Amino acid sequence: MTTKVETDVAIIGAGPVGLFAVFELGLLDLKAHLVDILDRPGGQCTELYPEKPIYDIPGLPIVTGQELTDKLMEQIKPFSPTFHLSQMASSLHRESDGRWRLTTDTGTEIVAPVLIIAAGGGSFVPKRPPIAGIEAYEGKSVHYAVRKMDSFKDKDILIAGGGDSALDWTINLAPIARSLTLVHHRDGFRAAQHSVNKMRELVEEGKVKFHVASVKELHGTDGQLEAVTLAGADKKEWTHGCNAFLPFFGLTIKLGPIAEFGLNLHENLIQVDTARFESETPGIFAVGDINTYPGKLKLILCGFHEAALAAQAAFHICRPNEKLRFQYTTSSSSLQKKLGVA
Ligand SMILES: Cc1cc2nc3c(=O)[nH]c(=O)nc-3n(C[C@H](O)[C@H](O)[C@H](O)COP(=O)(O)OP(=O)(O)OC[C@H]3O[C@@H](n4cnc5c(N)ncnc54)[C@H](O)[C@@H]3O)c2cc1C
């Protein structure tokens with residue numbers, strides 16, 4: 001189903017820099033829609049190091065990746081950005097009126113005069129487990145992400161993995177599944193302790209089955225899974241009936257469809273000028289880890305600066321007939337009103 005929205009700025013990437021861009025745009029009364037392939041905001045901070053402390057965010061001597069994301073989400077709340085999560089920004093076209101039309105893989109179309117690419121190292125793509133013929137089942141009965149929980153209702157689900165995603169989805173899908181089995185190659189997990197405890201509780205209550213095992217083969221027809229062959233730690237094999245398989249074996253980062261947007265790339269990075277952080281294509285900006293310029297540092301604080309300047313330049317494109325007045329949040333009552341503090 002296609003959802004078409006019009007806005008001032010479309011942002012690819014809800015990492016820390018994409019989120020802060022919403023703030024800088026909001027101060028200038030520019031509305032933003034963000035697209036991220038992940039199911040939650042935070043980019044690398046929440047996906048790769050949610051509990052690690054960061055020590056070089058100005059004014060925050062110590063903050064974890066998750067805490068920084070939570071604070072950014074709180075900071076942008078007054079501007080009510082729209083998030084299109086679990087969606088890949090997959091194609092870009094120029095409309096006859098000069099605006100950009102960004103389309104996602106689930107059919108969302110965002111039309112805006114400005115596109116800000118805050119895509120970091122690219123999109124997080126799930127690692128495919130080494131099981132022969134798995135491609136034939138992907139998107140039908142093998143899924144690397146849960147986009148709609150409802151589509152797993154009353155299914156016999158098999159989840160493989162030992163990290164946060166495997167455990168979170170075991171806990172969340174167990175109540176709606178007909179049966180749910182978790183397999184991992186050892187009886188130890190890399191997930192938050194409270195999730196491990198909860199999963200073990202569900203196993204004790206008989207609501208989830210857990211096996212130390214790995215998936216060797218898939219059996220089914222026309223992409224519809226009927227069973228898998230599991231192998232235990234002792235190499236003994238058995239057949240396990242299931243009609244949905246969710247392998248959570250981690251993520252890798254790939255630039256993905258942005259490489260096809262016709263931008264001037266240098267080693268998979270978007271070249272920008274340092275006055276506006278605009279690419280060589282007018283109306284398309286790049287901020288954060290995805291851009292390159294002389295002296296570039298892949299630091300969150302540099303991305304924040306880039307977002308502030310890109311927002312100012314975006315204003316002139318979105319509001320060509322309006323003047324931009326430089327204002328401080330400390331002293332401008334109009335900015336304070338926008339922030340809901342005046
Ligand atoms: C272990 C580790 C420790 C770090 N420590 C520090 C530190 O101490 N201090 C510091 O300043 N920096 C640190 N960094 C670097 C910092 O995390 C990055 O500079 C920062 O995350 C860049 O932010 P970003 O918003 O540009 O991109 P990201 O955080 O990478 O976010 C980009 C987002 O874009 C999404 N995306 C990309 N392409 C698409 C697409 N086509 N469709 C939909 N979504 C898409 C991705 O899914 C992702 O969520 C660290 C990095 C790592 C890995």
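Note: hydrogens, waters and symmetry copies are ignored here, and every other heavy atom, side chains too, is used. Keep in mind it's a predicted model, so treat the numbers as computed, not measured. Each ligand, and each atom within it, is numbered from 1 in the order the structure gives.
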Are S332 and Q327 close enough that a side-chain donor and a side-chain acceptor fall under 3.5 Å? yes
Run down the list G122, G120, S86 and name the one with the heavy atom closest to atom 36 (N) of ligand 1. G122
Can you list the atoms of ligand 1 that are under 4.0 Å from a heavy atom of G288? 26 (O)
Evaluate the side-chain proximity of V183 to V215: yes if any heavy-atom separation is below 4.5 Å, no if none is. yes
Shortest reach to atom 38 (N) of ligand 1 by a heavy atom, considering only S90, P16, S123: S123
Is there a heavy atom in A118 that sits closer than 4.0 Å to ligand 1? yes
Polar contact flag for D56 and ligand 1 (N/O pairs, less than 3.5 Å): yes
Using the rule side-chain hydrogen bond (donor to acceptor under 3.5 Å, both in side chains), only one of T274, N291, D289 pairs with K296; which is it? N291
Check each atom of ligand 1 against the heavy atoms of G43 and keep those under 4.0 Å away; list them by number with element. 29 (O), 31 (O), 48 (C), 49 (O)
Ligand 1 versus K298: contacting region, heavy-atom distance under 4.0 Å: backbone
If Ile, Leu, Val, Met, Phe, Trp and Tyr residues are connected whenever their side-chain heavy atoms lie under 4.5 Å apart, and connections chain through other members, are L25 and M73 in the same group? yes
At a non-hydrogen distance cut-off of under 4.0 Å, which region of Q87 contacts ligand 1 (side chain, backbone, both, or neither)? backbone
Counting both backbone and side chain atoms, is some N or O of I258 under 3.5 Å from an N or O of ligand 1? no
Quick check on the 6.0 Å ring-centre criterion: do F210 and F189 meet it? yes
Could you go through F277 and H305, starting from their C-alpha distance and side-chain angles, then the distance that decides it, and tell me whether this counts as ring pair (Phe, Tyr, Trp, His ring centres under 6.0 Å)? CA-CA 10 Å; F277 294 95; H305 158 80; 5.8 Å; yes
Please work out whether any backbone atom (N, CA, C, O) or any side-chain heavy atom from C-beta onward of V17 is under 4.0 Å from ligand 1, and answer side chain, backbone, both or neither. both
Using a 4.0 Å cutoff against the non-hydrogen atoms of G13, which atoms of ligand 1 qualify? 33 (C), 34 (O), 35 (C)
Does any N or O atom in D36 lie less than 3.5 angstrom from one in ligand 1, N or O only? yes
Does the gap between the ring centers of F83 and H33 come in under 6.0 Å? no
Students should be able to answer this: which protein heavy-atom is nearest to atom 44 (N) of ligand 1, and at what distance? I37 N, 3.1 Å
Please determine whether ring pair (Phe, Tyr, Trp, His ring centres under 6.0 Å) holds for the pair W169 and H143, giving the CA-CA distance in whole Å, both sets of side-chain angles, and the decisive distance to 0.1 Å. CA-CA 12 Å; W169 286 119; H143 303 273; over 10 Å; no
Counting only heavy atoms, which portion of A89 has something under 4.0 Å from ligand 1: side chain, backbone, both, or neither? both
Using distance alone, determine whether L255 and ligand 1 share an N or O pair under 3.5 Å. no
Using only atom types and a distance under 3.5 Å, with no angle test, would you say the side chain of T64 pairs donor to acceptor with the backbone of E51? no
Atom 11 (O) of ligand 1 has as its nearest protein heavy atom I300 N, 2.8 Å
Would a hydrophobic clustering, with Ile, Leu, Val, Met, Phe, Trp and Tyr connected at side-chain separations under 4.5 Å, put L19 with V63? yes
What is the closest protein heavy atom to atom 30 (O) of ligand 1, and at what distance does it sit? Q44 NE2, 2.8 Å
Under the criterion ring pair (Phe, Tyr, Trp, His ring centres under 6.0 Å), I'd like the reasoning laid out for F79 against F23: C-alpha separation, chi angles, the key distance, then a yes or no. CA-CA 7 Å; F79 304 120; F23 182 78; 5.8 Å; yes
Do V22 and L34 have side chains that get closer than 4.5 Å, going by heavy atoms? yes
Identity and separation of the nearest protein heavy atom to atom 18 (C) of ligand 1: D289 OD2, 3.3 Å
Check ligand 1 against L299 and write out every atom of the ligand that is under 4.0 Å from a heavy-atom position of the residue. 10 (C), 11 (O)
N197 and Q193 side chains, donor-acceptor separation under 3.5 Å: yes
Short list, please: which atoms of ligand 1 are under 4.0 Å from a heavy atom of I54? 7 (C), 8 (O), 9 (N)
Note: heavy atom closest to atom 45 (C) of ligand 1, options L72, I117, I12, L251, belongs to I12
Report, in ascending order of atom number, the atoms of ligand 1 lying under 4.0 Å from any heavy atom of L48. 53 (C)
For K140, is there an ion pair with D222 - N to carboxylate O distance below 4.0 angstrom? no
Pick whichever of F304, Y49, Y55 has a heavy atom sitting closest to atom 2 (C) of ligand 1. Y49
